There are 2 protein chains.
Amino acid sequence: MKSTERRPRGRPRALDRDEALETALQLFWRHGYEGTSIADLTAAMGVTPPSLYTAFGSKERLYQEALDRYGMSYGSFVALALAEEPTARQAIERILREAVAVYSEGPAPRGCMLASGAVTCAPEHAPVVADLSRRRLATIAGIRTRFDRAVVEGELAPATDTEALAAFYAAIVQGLSIQARDGAGREVLEAIAATALRAWPGAAAGR
Amino acid sequence: MKSTERRPRGRPRALDRDEALETALQLFWRHGYEGTSIADLTAAMGVTPPSLYTAFGSKERLYQEALDRYGMSYGSFVALALAEEPTARQAIERILREAVAVYSEGPAPRGCMLASGAVTCAPEHAPVVADLSRRRLATIAGIRTRFDRAVVEGELAPATDTEALAAFYAAIVQGLSIQARDGAGREVLEAIAATALRAWPGAAAGR
DNA sequence: ATATTTTTATATTGACCGCTATGAAAAGCA
DNA sequence: TGCTTTTCATAGCGGTCAATATAAAAATAT
């Protein structure tokens, strides 16, 4: 019996916090931080501004929570691949494969929420840009750490510039994100990924 | 003698159109379309709104003119490299080299104005996004055309997927742009470019 | 029943958005 | 010296921005 969950004191909230956060994620993903207004958010959630503010505090904090949620759902494939795949090479292959799938999904492709979110914006929103930048750098650092492990395990040569290699594959993912939003076909995106794998250390280049 | 230039009838304009356009280019480059307000623009130009509107029509048209100017100045190196370099390979090398230099320039790196300009934004500004997308696609098409020529000239194998190869190097440039804005050092950016060249058809991959 | 607590909706807040109506200022033309 | 033409600065247009003051509504607690 779950009767241990006592109802709190006041009026029960009509807003499903989890559902509302998913709605915010979708809007921010498609239109970015500056391109999504509080009015857009409340209309899509079916609530009024005060409900949104008591639940999430501010637009900026709501955006950060949406980014967290993205990292634990649509964007989780990167960390999962790095942790689960037996080799760094296989991890990168899976990351590129899944990036193509996620970024080109739906009638209006959305790319990567981190890469396409808020690269440029007004000076007063600099904290948002800095936060996004930090998240992108953290992703690259994660890839690099996996490459360092591959060096220790003998998969990659000791002289490998793991920082540069991680930055390279991150650049590919960022390029995939932009071109997906530009409407590039899945075949083109897959071809970009395949070409990027030709740069893998020691790999034989194709024709 | 250049006396053939008759002064027009009315009050002479205090606004130097060329100088004002360069100012707009810089602001739009740093802060994007939505992140730059008319007030920002007029303040930086040292004029009042009516002067800006008589000279450029609207914010959207000013942005387009700024993009045109970018393509003929800071961004011209792509078309120049494609036209001037004797081989496609040398053209790509030069594009990557100059992209690193231009994107990481200055105290606050600006990346590529086309790649970082307005990937996501409010639905009402969809025409701006579409215009930028069109310019990015045109750049890729230009690279692809150069690659097709390289196939005809025997530099690249007839079976080369020139569309995919062009999209790949465009993705690298887009990734360079984002990471430059994120503060990546010049060495990292150069290493990304060097890694990308390892994917060149027939090239021997490094360690 | 009454009090307490929390969330809700209504209605605004001041600031800023892109843009423009109005009329004065500055030039050439007669 | 007018008269015409064009650009200029002042001031403000309606609209939207993110965020809130206020108070009614809806639950538990006493």
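Keep in mind it's a predicted model, so treat the numbers as computed, not measured. Here is how names work: the chains are called A, B, and so on, in the same order as the sequence lines, proteins then strands, and each is numbered from 1. Basis for what follows: all heavy atoms, side chains included, without hydrogens, waters or symmetry-related copies.
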Colleague: What string of B, S and - do you get for nucleotides 11-24 of chain D, 5' to 3', when a contact is any protein heavy atom under 4.0 Å?
Modeller: ------SSBBB---
Colleague: Do the side chains of Arg69(A) and Glu22(A) get close enough for a salt bridge, i.e. N-O under 4.0 angstrom?
Modeller: yes
Colleague: Without decimals, in angstroms, what is the distance between Arg13(A) CZ and dT8(C) P?
Modeller: 6 Å
Colleague: Output all residues satisfying side-chain contact (heavy atoms from CB on, under 4.5 Å) with Glu105(A), sequence neighbours left out; order by chain, then residue number.
Modeller: Arg110(A)
Colleague: With sequence neighbours left out, write down each residue that passes ring pair (Phe, Tyr, Trp, His ring centres under 6.0 Å) with Phe56(A), or none if nothing qualifies.
Modeller: none
Colleague: In whole angstroms, how far is the C1' atom of dC19(C) from the CG atom of Leu62(B)?
Modeller: 14 Å
Colleague: Got a sec, which residues hit side-chain contact (heavy atoms from CB on, under 4.5 Å) with Arg149(A), two or more places apart in sequence or on another chain?
Modeller: Arg146(A), Glu153(A)
Colleague: Using only modelled atom types and a 3.5 angstrom limit, is any donor from either the side chain of Arg9(A) or the base of dT4(C) paired with an acceptor on the other?
Modeller: yes
Colleague: Applying salt bridge (charged side-chain N to carboxylate O under 4.0 Å, His left out), which residue pairs with at least one partner in residues 176-197 of chain A are found, sequence neighbours left out?
Modeller: Asp182(A)-Arg136(B), Arg186(A)-Glu190(A)
Colleague: Below 4.0 angstrom, which residues in residues 15-28 of chain B have at least one non-hydrogen atom near DNA chain D?
Modeller: Leu15(B)
Colleague: In chain order, what residues pass the side chain to side chain donor-acceptor pair (under 3.5 Å) check against Ser116(A), with sequence neighbours excluded?
Modeller: Ser177(A)
Colleague: Indicate, with a heavy-atom threshold strictly under 4.0 Å, whether Ser51(B) touches base, sugar-phosphate, or nothing.
Modeller: sugar-phosphate
Colleague: CE of Met45(B) versus C1' of dC8(D): gap in Å, rounded?
Modeller: 16 Å
Colleague: Who pairs with Tyr53(B) by ring pair (Phe, Tyr, Trp, His ring centres under 6.0 Å), at least two apart in sequence or on another chain?
Modeller: none
Colleague: side-chain contact (heavy atoms from CB on, under 4.5 Å) with Thr162(B): which residues, sequence neighbours excluded?
Modeller: Arg144(B), Phe147(B), Asp148(B), Val151(B), Thr160(B)
